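Here is the structure we will look at, set down as structure tokens.
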Amino acid sequence: MAGTCFFLILLSLALFSPLAVSSASYTDLSAGSSLSVENPADTLTSSNGMFSAGFFQVGENAYSFAIWFTEPSPTHNLTVVWMSNRDQPVNGRGSKLILQKDGNLILTDAGKSTIWSSNTVSNSFTKLILHDNGNLVLLTLQGLALWESFASPTNTLLPQQPLTRNTKLISSRSLTNYSSGFYSFYFDNDNTLRILYSGPELSSIYWPDPWRTSWEAGRSTYNNSRIAMFDHLGSLSASDNFSISSVDYGAKLQRILKMDADGNVRLYSRTQQGATWVVSWQAISVTCKIHGICGANSWCSHVPSFGRKCSCLPGYEMRNKVDWSYGCQPQPAGDHFNLSWSCTGTSTAARYVFGFMHLPHVEFYGYDYGFYSNYTLERCKVLCLELCNCAGFQYKYAPWDGIHNCFPKVQLENGRRTPGFDGDLYLKLPKSILSSYNASAEESNYACSDKLTRPLDRTYEKSGPNGSVKFMLKLASGLGGAEIVCVFLVWYFVSRRTGREREDSEVVMHGYLHAATGFRRFSYSELKKATRGFIEVIGRGGGGTVYKGLLSDQRVAAIKQLNGANQGEAEFLAEVSLIGKLYHMNLIEMWGYCVEGKHRLLVYEYMEHGSLAEKLSSNGLDWKQKFEIAVGTAKGLAYLHEECLEWVLHCDIKPQNILLHSNYNPKVADFGLSKLLNRGEQSNFSFSRVRGTRGYVAPEWVQNIRITSKADVYSYGIVVLEMLTGKSPAESVQAIEGGEETHEKMMVTWVREKMNGAFANAESQKGDDYEQDRLEILVKVALQCLEEDKDARPNMSQVVEMLLHHENN
Ligand SMILES: *[C@@H]1O[C@H](CO)[C@@H](O)[C@H](O)[C@H]1NC(C)=O
Ligand SMILES: *[C@@H]1O[C@H](CO)[C@@H](O)[C@H](O)[C@H]1NC(C)=O
Ligand SMILES: *[C@@H]1O[C@H](CO)[C@@H](O)[C@H](O)[C@H]1NC(C)=O
Ligand SMILES: *[C@@H]1O[C@H](CO)[C@@H](O)[C@H](O)[C@H]1NC(C)=O
Ligand SMILES: *[C@@H]1O[C@H](CO)[C@@H](O)[C@H](O)[C@H]1NC(C)=O
Ligand SMILES: *[C@@H]1O[C@H](CO)[C@@H](O)[C@H](O)[C@H]1NC(C)=O
Ligand SMILES: *[C@@H]1O[C@H](CO)[C@@H](O)[C@H](O)[C@H]1NC(C)=O
Ligand SMILES: *[C@@H]1O[C@H](CO)[C@@H](O)[C@H](O)[C@H]1NC(C)=O
Ligand SMILES: *[C@@H]1O[C@H](CO)[C@@H](O)[C@H](O)[C@H]1NC(C)=O
Ligand SMILES: *[C@@H]1O[C@H](CO)[C@@H](O)[C@H](O)[C@H]1NC(C)=O
């Protein structure tokens, strides 16, 4: 009965809809009829017009029978959601989709061979219908579904389309090549939902994190119903207890879940037909962690505003000039080398032929020959030279054990370079090749491009009243500049996810909006609702006010309303998206933004464990924790400074802006805001506002010197000093405020006092040698960072180096 009713509705729609009148497409295909590849109008359209099915061109004179969203997206033309014959496209002439009288649906190539078939039989009349949900169904007259496209997904799921024990999503080969690729999203034999890389030579699972058990990853292996599905609202759940909500949870017009060609599973949404798809969730946030992405003997790195980048290891070259998935091979031409050289002969012979190239912060995952704890570098080198198939080794420092561990690698796979990784790779290469490389050769890949380097170039007018008044004004304008440019803000934080990293991926390049996890645009009303009308203030500063809010997906956020940001929308978006791409475990994470009329808001993760300032004032930190905080903060800043991002100077480093995560892992807050606030707009600045920042500001702010990242180094030095002495510099500055002393003298005096204090304190707090060691290095680092001459200060990566490797010196 329902079937007949449905049929009648379809019939009436067919009679009265403009689609049918134009006879451009059909609403169904009845037994005995066919769709032809030569006639582009030969398509089936769902009754709501949302989906179409027909021949889709996948290459030159190559077609697949497919289902797509009728309305193209501006960047993607048609969004295909299903294909019958992705690996065997048919000819552009004579090919047909035929619904035979016996109830079998077949696809023929050039009128001859059958490429694909539904393998169905029916002795009653059948009909092919494209439902409003995108499901192509072969129905009997009784309304029984003989076959449906939902039961054989390709790389995409639609809402309510189940992924089952019998189905998997297999990525396309690339964005333009629709044939089956290397990545699949499926239920494994232990009932767990996983992502598998199955490349030409190797295969490995990389999601959930392979080093965690299913249980640790929050998965259950006991429910063998093996079903995963997502709904229109954007929540995905699976029988292994995996579940997520998209960041834009709530009714959206269209959503798809896709196993993308780059190895990530993403949930996309769009609010209206024909709009651009926006990523609202993705499985892997650090896209360089996806296996096979750059192939063997290469590493993946993330370049801001460009995306993911693959590079061959020194001495290696791309195997296939256009496709990174084939990885890299030893360079041929004269220098061609073969690791088996070390198998013949003794280690002395190998030592004669091979040497090592040091690649800092490069990690290769898996394929270890073994694990050798507490090895010296020399011992690890000998070990690798003696192993005939050792291609290099990972050498990693375990800071709190004070030892180095050695991991010889038999294959170099899944390589990535990230400033957050504390280990190094030593690559085994013939000495002939080593000598042709300069020590810095590998760094050349990361030379800053002009486009990325945008140092803040700010000088202050030398005019105005003279004498002490002039000094006060200079100090005021300097600090005020710092204040307006780099905002004062306190907020408290938390994060449920420790290792969660966000990185932008190349998808952005291909026209999707932000691919980063959760990074998205919010509407003003949404944020108003989240903060219940902006009532709970958790921080206030020159740049804006911070409110606590609860997002619709139940995440607690710190929402900052900017006051000084009155630049245009496009400019604001450009800057915000750059900041949104910065990811480091020692930087606070930005989840999104809002730009609407005059409103400019930023949405950050909320940290509820408090700031360093609070912990210092309550004396709640031991030396080990202080050391970790110093190291983590330095790493976060080094990332900002070193990754060609000097324009994201922090400029407001102080204990209030260093927020604490679990395990005293610090996260630096409020970076990058200088670009969002209008620098010219200093009219509303008042001296009293400067208070929070005073004392942390480098001397060059009040001199007529260009501000560089070394200003941050100075402020960092003050923070370390404050950790050592427990005294806030603000107090000291206030004491001198009314005096006639020059700024320079004031600073020097103050620093010297602080230094004495630091040493005295260190003396009085003798712990074991271990602590003494760390204390000394902290004092040393602080002293160097506080050099008056900015060129005499170390840069942040040198600071990290000093802190981590001091016992080697
Ligand atoms: C979209 O279609 C236009 C015209 O058919 C074509 O020129 C363009 O290359 C297509 N773009 C993509 C990304 O396929
Ligand atoms: C797509 O990739 C497959 C598998 O690598 C390859 O055989 C095929 O030639 C490619 N097709 C196009 C149109 O490049
Ligand atoms: C298994 O998972 C399915 C789907 O999530 C759920 O409906 C069912 O209750 C689960 N079974 C058990 C025994 O937990
Ligand atoms: C599934 O997840 C819920 C919370 O998301 C948790 O309470 C429950 O214990 C989990 N079940 C299993 C079997 O892990
Ligand atoms: C390396 O040398 C071994 C033995 O000499 C040989 O079997 C192997 O094919 C060589 N490998 C390459 C890549 O040339
Ligand atoms: C590491 O090795 C050195 C020398 O071999 C030894 O003195 C030290 O105790 C070892 N450290 C640990 C933590 O095992
Ligand atoms: C590499 O080293 C050679 C000599 O060893 C030198 O001439 C050249 O300038 C160096 N190149 C770089 C980029 O440092
Ligand atoms: C400021 O001092 C300079 C010399 O240092 C002098 O030439 C100038 O006239 C003074 N300006 C005022 C306004 O006093
Ligand atoms: C930091 O200093 C080291 C050593 O002088 C140098 O190699 C590195 O390039 C510097 N980094 C930056 C961003 O200046
Ligand atoms: C200056 O600040 C006050 C309140 O702090 C505000 O009412 C006023 O609009 C601001 N003026 C400008 C130009 O931003």
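In each ligand, atom 1 is the first atom listed, and ligand 1 is the first ligand listed. Note that the structure is a prediction, hence the values are computed from the model and not measured.
- Side-chain atoms of R226 and N191 form a donor-acceptor pair, as typed in the model, at a separation below 3.5 Å.
- Close approach of ligand 2 to N177 is summarised as follows: ligand atoms under 4.0 Å from at least one heavy atom of the residue are 1 (C), 2 (O), 3 (C), 8 (C), 10 (C), 11 (N), 12 (C), 14 (O).
- There is no side-chain donor-acceptor pair under 3.5 Å between H404 and N374.
- Other residues, nucleotides and ligands contribute more than 12 heavy atoms inside 6.0 Å of the NZ atom of K321.
- Which parts of ligand 3 touch S225 is read off a 4.0 Å heavy-atom cut-off, strictly below it: atoms 1 (C), 2 (O), 3 (C).
- Side-chain contact of S269 with W277: a donor-acceptor pair under 3.5 Å is absent, judged by distance alone.
- Using a 3.5 Å distance cut-off with no hydrogens or angles, the side chains of S36 and D42 do not pair a donor with an acceptor.
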Is there any protein N/O under 3.5 Å from an N/O of ligand 6, and what does the full list of such pairs look like?
from     : atom 1 : to   : atom 2 : distance (Å)
ligand 6 : 2 (O)  : N374 : OD1    : 3.4
ligand 6 : 2 (O)  : N374 : ND2    : 2.3
ligand 6 : 11 (N) : N374 : ND2    : 2.8
ligand 6 : 14 (O) : N374 : ND2    : 3.2

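- Of the possible donor and acceptor atoms, one in the side chain of S280 sits under 3.5 Å from a partner among the backbone N and O of L267.
- Atom CZ of R165 is surrounded by more than 12 heavy atoms from other residues, nucleotides or ligands within 6.0 Å.
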